Every structure is written in C-alpha cells, then in structure tokens.
Amino acid sequence: MSPQSPYGWWLPLNLSTLGPQLDRVFYIVHVFMLVLFVGWAIFFAYCLLRFRERGGRRAAYATDTRHLNTFLEIGVIAFEVVLIVFFSIPLWATAKYKTPSPQEAVEIEVVAEQFAWNIRYPGADGTFGRKDPGLMHSGNPIGLDRSDPAAQDDILTVNELFVPTGKPVLIHLTSKDVIHSFYLPVLRVKQDAIPGQKVAVWFQATDTGDFEIACAQLCGVAHYRMMGDLFIRTPEEFASWLKRKGAELKAAEKQKSAAKAADW
Amino acid sequence: MSAEAALTHGVYEPGAPEATNGKLAMWLFLASEIMLFGALFSSYIILRDAAPFWPKGWEVLNVPLATLNTVVLITSSMTMVLAYAAAQKGDERRLNGFLWATFLLACCFLVIKAFEYGSKFQHHHFPSTSVFYAVYFTLTGLHGFHVIGGMAVMLFILLGGQKGIPRPLFVSRIECLGLYWHFVDLVWIFLFPSLYLL
Amino acid sequence: MSDKEKHHVAQQHHHGPQGFIEKYVFSLDHKVIGLQYMITSLVFLLFGFSLIMLLRWQLAWPGRPMPLIGHLLKSSMPGGVMTPDFYLQLGAMHGTIMVFLGVVPLGVGAFGNYVLPLQIGAPDMAFPRMNMMSYWTFLVGGLVMLGSFLLPEGAANSGWTSYAPLSVQATAGQTLWLIGMVFLITSSLLGSINFIVTTIQMRAKGLSFFRLPVFVWAQFVTAVLLLLAFPPLEAAAVLQLMDRLAGTSFFLPTGLAAFGQPMAVSGGGQPLLWQHLFWFLAHPEVYVLVLPAIGIIGEIIANNTRKPLFGYRAMVGSMIFLGAMSFIVWAHHMFLTGMGPVMNAFFTTTTMIISIPSVVILTTYLISLWGGSIRFTTPMLFALAFLPMFGIGGLTGLPLGLPATDIHLHDTYYVIGHFHYVVAPGTIMALFAGIYYWFPKMFGRRMDDRLGKLHFWTSATFLNGVFFPMLLYGVAGVQRRLYDPTGYAHAVPVQPLNVIMTVSAYCLAVSQIPFIYNFFNSIWNGEKVSRNPWQATTLEWAAPSPPPHGNFDSPPRVYRGPYEYSVPGVKSDFVPQFSEDGGEPEEPRRKMASLA
Ligand code: HEA
Ligand code: HEA
Ligand code: CUA
Ligand SMILES: [Cu+2]
C-alpha cells in the first residue's frame with residue numbers, strides 16, 4: 001500500500017473523474033442536514049428550558065408560530081427540488097447511463113459468481129467470444145466456448161481487474177448465480193450484478209495504484225471474502241500487460257494442442 | 001362545533017350494527033384479496049413481458065373444459081344470489097336448496113379442474129416445466145384454494161353451524177358469503193382469458 | 001361470531017369470563033390480548049437483541065472465541081468462534097424478529113389492542129374472536145420462525161430481505177421463514193380488519209373523526225397500510241415457496257448456475273420480481289413501524305406540555321398522506337439494480353415528497369412545545385428523545401434517497417445507521433414511552449420513576465453509542481452483512497468503531513435490567529393510582545385502572561376535542577373529552593385541582 005493510505009475515517013480516496021461531483025452532492029446534502037438538525041436542536045433545547053414546568057405559570061392554550069412551520073416546509077421542499085433536479089438526477093444519468101461508446105472505451109466483462117469475480121478482456125480482436133452455460137465447470141467458470149474464433153484470444157482473469165488511467169472503462173456486468181454488487185470504493189462505483197441481466201458500468205480513473213474490488217450484496221456464506229484486486233495502471237503499462245497476457249494465452253494454447261497431439 | 005357532532009353507535013344493541021360490521025370487514029378483506037391477486041397478476045405480466053417465448057394458452061391448455069368451468073362458476077354465482085334472496089325473505093327451504101346447489105356446482109368446478117390438472121400431469125407438464133406452467137398452476141391452484149375455502153363456509157352453514165343467531169345477522173352472513181363467492185368468481189373471470197385466451 | 005359470543009358481547013358489563021383459561025389464555029378481551037401481545041413481543045425483542053449481541057462480538061473481535069456462550073453453542077460456534085453461516089442466520093433473524101415479531105406487534109398488537117378501544121370509548125374490539133385468533137396465529141408464526149434455529153442447518157440466512165436466487169438455494173430454514181411469514185401476514189390481516197372496523201363503527205357518541213386522539217389516527221392509518229401492503233408479500237412468499245418446493249423458476253433466470261454448476265431448473269424467471277414484491281410491502285412496513293410511535297408521542301407530548309397539540313389537522317393530514325405515498329416509493333431500495341433512468345427519477349422524486357409529511361409531523365411536535373408547561377416525567381423524557389433521534393434517522397434517509405449519493409452509501413453501514421436511528425433510538429424509545437405512560441392504566445400501579453429515569457439516560461446514551469458510529473463506518477464505505485470486515489483494506493482503519501459499537505450494545509443490554517425489574521416489580525408492588533394519574537384528557541382515563549371487562553362504568557359520551565389542556569377561564573388545567581360541563585370556571589389565584 002502507498003504510504004498515504006487510500007482509506008481512513010471518512011470517504012475513501014477518490015480517483016474517479018466523476019467522483020468529485022458525486023462527493024460534492026454528498027457534502028451539500030450533509031451540510032443541509034446538519035444545518036437543519038442544528039437549527040431544530042437549538043429551538044428544541046430552548047423550548048425545553050424556557051417552557052419547563054414552573055410554579056404559577058400556565059401553558060398557553062394556542063400557539064402562534066404557524067408561519068415558522070410554513071417557512072420551514074417551503075424551505076425544505078425548495079431545497080429538495082433543487083437537489084433532485086439540478087444535482088442528483090443529472091449526475092445519476094451521467095454516472096449510470098452516459099456510457100461511453102465501445103470505440104472510445106476499454107471494454108471489459110465482469111461475471112460475478114459465488115465467490116469470485118471473473119474478468120474477461122476481448123483480446124486483440126476486440127470482440128468477446130461466445131459463451132455457453134453448458135460448458136461451465138470449475139476450469140471454465142464462465143463457460144467460454146474456445147472453439148469460437150472470437151473467443152480464442154479472450155483474456156480471462158479471476159479477481160484481478162487491470163484498468164488504465166485517462167480512458168473511459170466500460171464494464172459489462174452480470175452474474176452467473178446469485179445477486180452480487182460490484183463495488184469499487186475508490187472509483188465511487190457500485191452496481192448490482194444480477195443473473196440473467198447485463199448492465200453497463202463505466203468510469204474513468206485519474207491516478208494509478210492498487211486497490212480493491214468489494215462485493216456489496218449478500219451472496220452467501222463467503223460474501224465477506226468475495227474481494228478482488230483493482231490495479232489502475234498508466235495506459236502504457238496497461239497495454240503491455242494486455243500484450244503479455246495475450247502471449248501467455250497463446251503459449252498455453254500451443255502447449256495444450258501439443259499435448260493433445262501427443263495423446264493421439 | 002356542536003357538542004353532539006357525528007353521533008355513532010356502539011355495539012350495545014345486538015344484531016344490526018354487527019351486521020354492518022361484518023359487511024365492512026368483508027369488504028376490507030376483499031380489498032386485501034385484490035392486492036394479493038393484483039400482485040400475482042402483475043408478476044404474471046412482468047414474467048411474460050420479459051420472456052423471449054411464451055406459449056399460446058389456447059394451444060397448450062384445454063379451452064373447452066375451462067369454458068365449461070366458467071359457465072359452472074357463473075351459474076354458481078347466480079344460485080348464490082338466489083340463496084341470498086331467499087335468506088332475505090326468510091325462506092329457509094329455498095335458501096338451503098340454493099346453497100346446496102352452489103356447493104355442488106363448486107364441487108363440479110373442482111372436479112373438472114382436477115381432470116384438467118390430471119391430463120397435464122399425464123403429459124408430464126408440471127409447475128417446474130416452464131414459467132408458463134408455473135404461473136398456470138400457481139394462479140389456478142390458489143384460486144382453487146379460495147373455492148375450497150368458500151365451500152367450507154357453505155358446508156358449515158348448511159350443516160347448521162349458524163343456527164339460532166338473530167335473523168339480521170344471519171342474513172348479513174349470507175350476504176358476506178355471497179360477496180366472497182362473487183369475488184372468487186370474478187378472479188376466475190380474469191384468470192380464464194388471461195391464461196387461456198391471450 | 002357464534003350466538004353465544006354475541007350474547008356475551010352484549011352482556012359483558014355484567015359477567016366477564018370465568019376460569020383461568022378463558023380469562024388469561026384464550027381470552028376474548030382486548031385488554032388481555034393486548035397484554036399477551038405486549039409480553040410476547042417484549043420477549044421477542046429481547047431475543048432479537050440477544051442475537052445481535054452475539055453477532056456484534058464477532059464484528060468487534062473477529063475470530064476471537066466468545067466466552068461462555070461460545071462453549072454452549074458448540075455446533076454453531078466451534079471453538080467459541082461463530083461460523084460465517086451462523087453469523088448470517090443471526091443477522092437475518094435479528095432483522096426479521098425485530099421488525100415482524102418485536103416492534104410491530106408491540107406498537108400495533110399491544111398498544112393498538114389495549115389503548116385503541118379505550119380511547120374511542122368502546123367496550124371491546126368489533127370482533128373479539130378474530131382478535132384472539134390474530135394473537136394466536138402471530139404466536140405460531142413467531143414460534144415457527146424461532147423453531148428454525150433448531151433445524152440441523154439452522155435458520156434462514158439470506159437476510160431479512162430474502163433476495164432470490166440466494167434464498168431459493170438456501171437451506172430449509174428459509175422454508176420455515178416463508179411459512180412463518182404466511183402466519184404473520186394472516187395475523188396482521190385479521191388484526192388490521194378488526195382495527196379499521198372498530199375505529200369506524202364503535203366510536204362513542206360524540207367522538208367524530210376529528211376528535212380522535214392522534215394515536216387512534218396513527219393506528220388507523222397503520223391498519224390500512226397493513227391491510228393493503230402485506231398481501232403482495234404473501235403472493236411473493238407463495239411464489240418463493242413454489243420455487244423452493246415445487247421446482248418452479250419464478251425468480252430464477254435462464255442459464256442460472258449454483259455453486260459453480262448449471263442449475264437443473266427451467267429458468268425464465270426474474271430475480272428482480274422478488275425485490276419489487278418484497279419492497280412493495282417493506283417500504284409501507286417501515287411506516288408501520290414508526291406510525292404507532294408517532295401516535296404515542298403525540299399523546300404524551302400533549303399531556304406533558306399541558307397544551308393542545310399544535311396543528312392537529314395538519315398532523316392527521318400528514319399521516320394520511322404519508323400512508324398513501326408509502327405505496328409508491330418502494331424502488332428507492334433498488335436504485336442500483338439497473339432500473340432505467342425514468343424509474344429512478346420517479347422514485348427519487350416520490351421519496352423526497354414523502355419526507356415532507358415527516359418534516360411536518362416532527363415540526364408540529366416541536367412547535368407544540370412552545371408555550372407549554374413541560375413536565376419532565378419518565379414517559380415525556382422518552383417521548384422528547386424520540387424527536388431528535390427520528391430527526392437523525394429521517395435526515396440520513398435523504399442522501400439514500402438521492403441516487404447520486406446512494407451509489408456510495410447503498411448496502412453500507414450508513415443504511416444500517418439510517419434505519420436503526422428511526423427504529424431503535426426512535427421507535428423503541430417511543431414504545432418505552434408508551435409503556436411508562438399506559439402502565440398505570442394497564443395495572444393500576446405506577447412504574448418507579450427513579451428507575452425509569454435511570455433507564456432513560458443510560459439507554460439514550462448507549463443507543464447513540466451504538467448507532468452514531470455506524471454512520472461514520474458507512475461513510476468509510478464498509479458494507480453490511482460482513483462476517484469479518486477486517487479482510488477489506490477500507491474497513492481496517494475504522495475497526496475501532498466496531499469495538500465502540502459493541503461495547504455500547506453490551507452497556508445498552510445492561511441498561512435494560514432496571515427496566516425489566518421495574519416492569520415486573522411494579523405490576524405487584526408499584527404505587528397504586530387513581531383513574532387518571534397523568535391528568536389527561538382522552539377517554540381511556542375515564543375507565544377504572546385497570547379497566548374491568550367491558551371497560552367503562554357506563555357508555556361514555558364525548559363533548560370536545562382530544563387535547564383540551566389549559567383552556568382559558570377554566571380552573572383545572574385540563575378538560576377531559578368526557579367532561580360534560582367543561583370544567584369549573586377559574587377562581588383568581590388558584591391553580592390545578594385534580595379531577596379524580
Ligand atoms: C421506521 C422506519 C423507517 C423510516 C421512518 C424511514 C424513513 C425514510 N427512509 Fe428509510 N429505511 C428503513 C426504515 C425507515 N426509513 C429501513 C429498515 C431500511 C433498510 C432496509 C434494508 O435494506 O435492510 C431503509 C432504507 C432506506 C433506503 C434504501 C437505502 C439503500 O439500501 O441504499 C432509502 C433510500 O431512499 C431510505 C429513505 C428514507 C427516507 C427518505 C425516509 C423519510 O421518510 C424520512 C423523512 C424524515 C425526515 C426528513 C426527518 C425530518 C427531521 C428533521 C427535519 C430534523 C428534526 C430535528 C430535531 C427534532 C432536533 N431508507
Ligand atoms: C425494528 C427493527 C430493529 C431494531 C429495533 C433493531 C435493534 C438493534 N439492531 Fe438491528 N437490524 C434490523 C432491525 C432492527 N434492529 C434489520 C431489519 C437489520 C438488517 C438485517 C439484515 O441484514 O438482513 C438489522 C441489522 C443490524 C446489524 C447489522 C448486521 C449486519 O449487517 O451484519 C446490527 C449490527 O450491529 C444491528 C444492531 C442492532 C442493535 C444493537 C439494536 C439495539 O438497538 C437493540 C435494542 C433493543 C432493545 C433496547 C430491546 C430491549 C428489550 C427489552 C428491554 C425487553 C424487556 C423484556 C421484558 C419486559 C420481558 N442490527
Ligand atoms: Cu458476492 Cu457478496
Ligand atoms: Cu423505503
């Protein structure tokens with residue numbers, strides 16, 4: 001871990017291009033909450049002191065503070081409207097639906113399972129190969145069909161997500177068994193991974209480092225251990241990593257076919 | 001404001017207020033039943049909407065039998081209305097007769113349903129076969145339980161379980177039973193087209 | 001209702017039931033049923049609390065053997081350390097028990113049953129036999145739930161939310177959870193019909209809707225929510241039972257795997273369908289948790305400020321609005337499931353709208369304090385504490401309701417902190433307030449005030465000690481339902497918070513000892529009281545303490561609104577609803593004569 005820990009007693013380090021905006025809403029809401037609460041608490045404490053039971057004084061039958069109530073409610077409503085219309089919804093729409101086009105982004109597929117993250121890069125050809133649930137077994141957790149030409153160069157890792165900085169990353173997220181939630185604290189990303197459903201998640205990282213992938217949805221007894229590693233690298237490092245992985249894959253493939261030939 | 005605004009009664013005079021209480025309770029119960037079947041119908045719509053393929057009801061289910069069943073159930077609703085009319089008039093013989101008729105028609109409905117289920121099982125179509133069959137068996141099964149529940153109450157009354165209670169209360173009980181029975185009928189009238197015909 | 005019973009209702013002024021069984025076990029009297037609900041739900045609350053104390057040990061000191069209990073529960077805690085599976089059972093059952101067997105039965109079953117008929121001047125509920133059945137089905141449901149701990153594989157372990165497909169693959173405990181749920185749903189259905197009919201039909205002469213105490217209004221709205229929100233969960237429970245027992249695939253999509261292998265099911269279902277059905281109930285359910293509390297607080301604040309509640313009509317309107325709106329906010333629990341932007345915008349908007357009536361309710365209570373003559377009795381202390389605690393809980397709901405901030409906070413301890421502030425320091429405090437307030441009516445004796453205040457100050461301190469750190473813990477991003485959070489780098493720096501929470505939870509448990517002692521001791525040894533020890537205005541105080549079978553000496557009549565305190569020109573500082581003449585005119589320089 002870097003000397004300055006990414007995690008502490010407050011929000012985790014923020015390495016996402018959208019992160020500052022998300023965190024800003026977080027602060028705006030909390031300051032609003034704090035102001036409201038403190039204002040209320042002062043009024044509350046004042047009432048308790050001033051109107052405590054004392055000999056000789058009777059309570060007032062009617063209260064004339066109606067305006068206070070109305071003002072407050074209008075204030076709260078106005079604030080919430082602003083919050084929704086100008087901050088939350090636009091930001092949400094950007095964060096979740098302004099997904100970059102596959103051309104400009106690094107595409108990755110993440111398939112969650114009990115209790116691991118299967119990560120797939122399309123490889124040199126830029127397309128993901130075919131999958132078939134019938135081919136699933138422990139050696140092939142996502143059921144990749146290597147006989148499909150597009151699948152032959154697909155790079156698979158388990159629990160290791162490499163992404164570059166400075167380029168949007170587009171993740172196609174799904175799950176093969178139960179519901180998980182793909183959570184990258186430092187990138188302010190969280191998205192449920194639901195079997196039978198594919199969701200696009202995107203982000204763009206601003207700095208490098210080693211962080212974690214967490215699972216945020218209860219998915220069984222080892223939910224607490226379903227963590228992975230997030231490696232944010234410079235574009236050059238990322239490219240060379242991809243290349244190395246591709247070469248390793250080819251070498252392994254060759255070895256396998258050699259072994260097969262020997263069997264014959 | 002006048003001191004005597006909005007006078008409402010307590011239960012001190014037996015009979016009449018309890019009759020209204022019962023009816024009110026039945027309507028509330030039916031409201032909750034609407035939410036129950038409403039949730040099931042919504043689930044059906046959602047599942048069907050998301051499915052890439054959905055069998056056509058009339059090709060896999062037995063429409064003639066279901067049509068017959070619809071007629072049986074509507075007839076039973078009519079005999080129920082007649083039973084209630086007889087109860088209002090205090091004609092105990094006619095009341096018993098129509099209630100028995102309703103009961104037997106309900107039996108008839110269940111027997112036909114049993115044949116339908118039986119032939120499905122024979123062809124190895126079970127709830128687990130597909131979501132279509134899951135929906136079909138669950139919805140019709142739950143409806144069947146409602147029919148059985150209504151029959152149990154009818155039998156209870158027919159065997160004299162309500163003998164000796166004040167007349168207005170008794171009539172209102174029959175009316176509540178009728179309300180329930182019409183509701184069960186209505187559920188079927190929604191089920192029939194949406195499962196078999198759409 | 002049989003003939004005999006109807007006769008019985010009509011005659012109950014004269015002869016109540018004889019014999020122990022008829023009087024205390026299978027009683028038809030709303031007061032006995034109310035007390036049965038009360039004792040049962042308090043025991044369940046204590047049980048739910050015990051579960052979470054086990055769980056909290058593991059969170060504070062993961063992997064360290066638990067003294068004593070660790071040795072008793074050999075199979076679930078080998079070597080004194082709980083298994084991850086047992087942890088999940090504890091969490092799921094804590095949530096279920098607290099919500100469905102603890103707080104709702106206490107707020108609705110106990111207080112609703114005991115107080116509502118008294119406050120409307122009725123001799124009993126409209127359907128006493130149905131009332132009794134409601135209690136017994138509740139008890140059976142509860143025992144089925146608890147019994148699931150005895151199964152070889154233990155209780156349900158998929159969270160109180162029971163999300164499919166996880167719950168479909170879960171062990172047999174989940175089946176019992178579903179069956180128990182069906183019983184509880186039936187029970188609350190019977191109860192809610194009874195409450196609605198009773199409120200509409202059995203009010204005393206003169207008690208118009210706008211003279212009802214806010215507690216009755218709160219119960220009425222709650223009953224409507226229960227009536228309409230529970231059936232969809234029943235439907236969902238039936239579908240999940242089918243998935244588990246009949247092999248259907250309502251919640252299982254095509255191509256699903258389980259434990260690495262393809263699952264032998266037809267597929268074609270929708271996992272999210274469960275969530276929609278569940279939250280369609282569970283959001284109204286959270287208002288079911290809090291509305292009775294709001295009602296109790298209203299009674300106590302009016303009584304102890306000695307002035308009419310400010311904005312009674314706004315209050316009632318807000319409760320009705322809250323109830324209605326609560327049916328269209330459910331998907332704010334599902335912002336991150338990949339729903340479309342339109343759905344998100346809709347649900348975030350409704351969520352913000354629903355916070356307005358809560359603000360109105362809190363504000364009216366707050367303003368009610370202005371100009372009062374506040375008596376700091378034990379129930380009043382608990383009631384006052386409810387206000388800021390519900391405030392914190394409600395305010396922390398706002399960042400969760402905005403999808404942009406929910407991305408970081410969803411499924412972290414911030415959510416846990418949010419709702420516990422509403423249900424534990426909020427609702428539980430209000431329920432304690434209700435117990436201290438109505439105890440004299442229930443048993444004819446008062447609870448000890450010194451012990452009560454001790455209970456208040458310690459509980460208030462430690463409840464905050466448990467739940468405030470949760471909010472910070474959640475901001476740091478730590479997820480919920482983690483057996484051992486310390487495996488995550490982001491949870492390590494904040495681990496000390498876990499120790500604070502756990503120690504506070506144990507101190508909180510100790511703080512309940514004075515209460516339990518006080519409760520049982522006061523039943524027999526408390527100071528005896530008259531009919532109206534708090535000098536209150538509502539109808540329940542017209543009956544003897546405790547009220548006999550049939551409640552009132554003669555059918556009460558109502559002449560005025562519910563909170564006529566400190567009426568100008570009247571000598572006494574309160575004029576009960578049942579007082580015909582409106583109180584003696586004021587004499588100069590005299591105050592407060594108590595009306596026995
Ligand atoms: C009684 C229970 C209760 C109540 C009343 C509420 C009230 C609210 N809740 Fe909460 N909520 C739960 C119980 C409750 N909730 C539970 C149990 C869960 C989690 C379930 C699970 O996942 O397991 C949950 C989860 C939850 C979520 C999902 C979070 C997630 O999973 O990501 C959201 C999101 O919108 C939310 C929002 C709200 C809002 C906006 C309110 C609003 O109604 C709040 C309105 C109130 C106010 C705005 C307060 C006003 C106060 C003041 C202005 C200050 C007063 C100050 C003084 C008196 C000093 N809640
Ligand atoms: C009404 C609801 C309610 C209430 C009151 C509480 C009360 C408490 N809860 Fe609970 N909790 C939930 C509902 C509730 N909870 C839910 C729904 C979940 C989510 C579950 C899930 O993940 O699926 C949860 C989860 C949850 C967790 C997270 C677990 C996890 O994510 O892994 C934790 C952790 O600390 C916790 C702690 C506590 C504590 C310390 C209390 C304390 O406040 C308890 C205080 C209790 C008392 C003060 C009771 C006192 C009783 C008596 C004194 C009885 C006296 C008896 C007689 C007179 C006979 N709760
Ligand atoms: Cu995967 Cu939790
Ligand atoms: Cu909610």
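Each chain gets a letter, A, B and so on, in the order its sequence line appears, and its residues count up from 1. Here the structure is a predicted model, which is why all the values come from computation and not from measurement.
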Contact origin within [X] toward chain A - heavy atom pairs under 4.5 Å:
X: C/Gln89; answer: neither
X: C/Ala170; answer: neither
X: C/Leu409; answer: both
X: C/Pro496; answer: side chain
X: C/Ser167; answer: neither
X: C/Thr348; answer: both
X: C/Pro253; answer: side chain
X: C/Asn304; answer: neither
X: C/Leu272; answer: side chain
X: C/Met380; answer: neither
X: C/Leu166; answer: both

Can you tell if the side chain of [X] reaches within under 4.5 Å of the side chain of [Y], non-hydrogen atoms only?
X: C/Lys307; Y: A/Tyr61; value: no
X: A/Phe43; Y: C/Leu366; value: yes
X: A/Tyr7; Y: C/Val492; value: no
X: A/Phe37; Y: C/Pro388; value: yes
X: C/Ser373; Y: A/Arg54; value: no

Residue pairs passing the ring-ring contact (aromatic ring centres under 6.0 Å, His included) test where at least one lies in residues 392-415 of chain C, sequence neighbours excluded =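 Pairs touching residues 392-415 of chain C that pass the test: A/His30-C/Tyr414, C/Tyr413-C/Tyr473.
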
A/Leu218, part contacting chain C, at a heavy-atom distance under 4.5 Å |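 Both backbone and side chain.
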
Taking atom types as modelled, find out whether C/Gln479 and A/Tyr224 have a side-chain donor-acceptor pair closer than 3.5 angstrom.
->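 A/Tyr224 and C/Gln479 do not have a side-chain donor-acceptor pair below 3.5 Å.
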
How are the rings of A/Tyr183 and C/His490 set relative to one another: parallel (under 30°), tilted (30 to 60°) or perpendicular (over 60°)?
->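 The arrangement is perpendicular - the two ring planes meet at more than 60°.
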
Heavy-atom donor-acceptor pair, A/Glu53 side chain to C/Phe376 backbone, under 3.5 Å |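 Between the backbone of C/Phe376 and the side chain of A/Glu53 there is no qualifying donor-acceptor contact (under 3.5 Å).
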
Does C/Arg375 use its side chain to pair, donor to acceptor, with the backbone of A/Arg52 at less than 3.5 Å?
->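 Not a single qualifying donor-acceptor pair exists.
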
Most contacts with chain A, counted as non-hydrogen pairs under 4.5 angstrom, among C/Leu395, C/Thr405, C/Leu482, C/Thr412 =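 Between C/Leu395, C/Thr405, C/Leu482, C/Thr412, the count favours C/Leu395.
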
Kindly give the heavy-atom pair with the smallest separation between C/Pro271 and A/Pro195, and that separation in Å.
->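 Shortest heavy-atom separation between C/Pro271 and A/Pro195 comes out as CG-O, 3.7 Å.
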
Please round to the nearest 0.5 Å and tell me the distance separating atom [atom1] of [X] and atom [atom2] of [Y].
X: C/Phe335; Y: A/Lys190; atom1: CZ; atom2: NZ; answer: 13.5 Å
X: C/Arg481; Y: A/Cys215; atom1: CZ; atom2: SG; answer: 11.0 Å
X: C/Tyr163; Y: A/Gln217; atom1: OH; atom2: CD; answer: 5.5 Å

Max heavy-atom pair count under 4.5 Å with chain C, selected residue of A/Ala214, A/Ser175, A/Ala193 =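 Winner by heavy-atom pair count: A/Ala214.
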
Just give me the residue among A/Ala222, A/Pro185, A/Ala41, A/Cys219 that pairs up with chain C most often, heavy atom to heavy atom, under 4.5 Å.
->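 That would be A/Cys219.
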
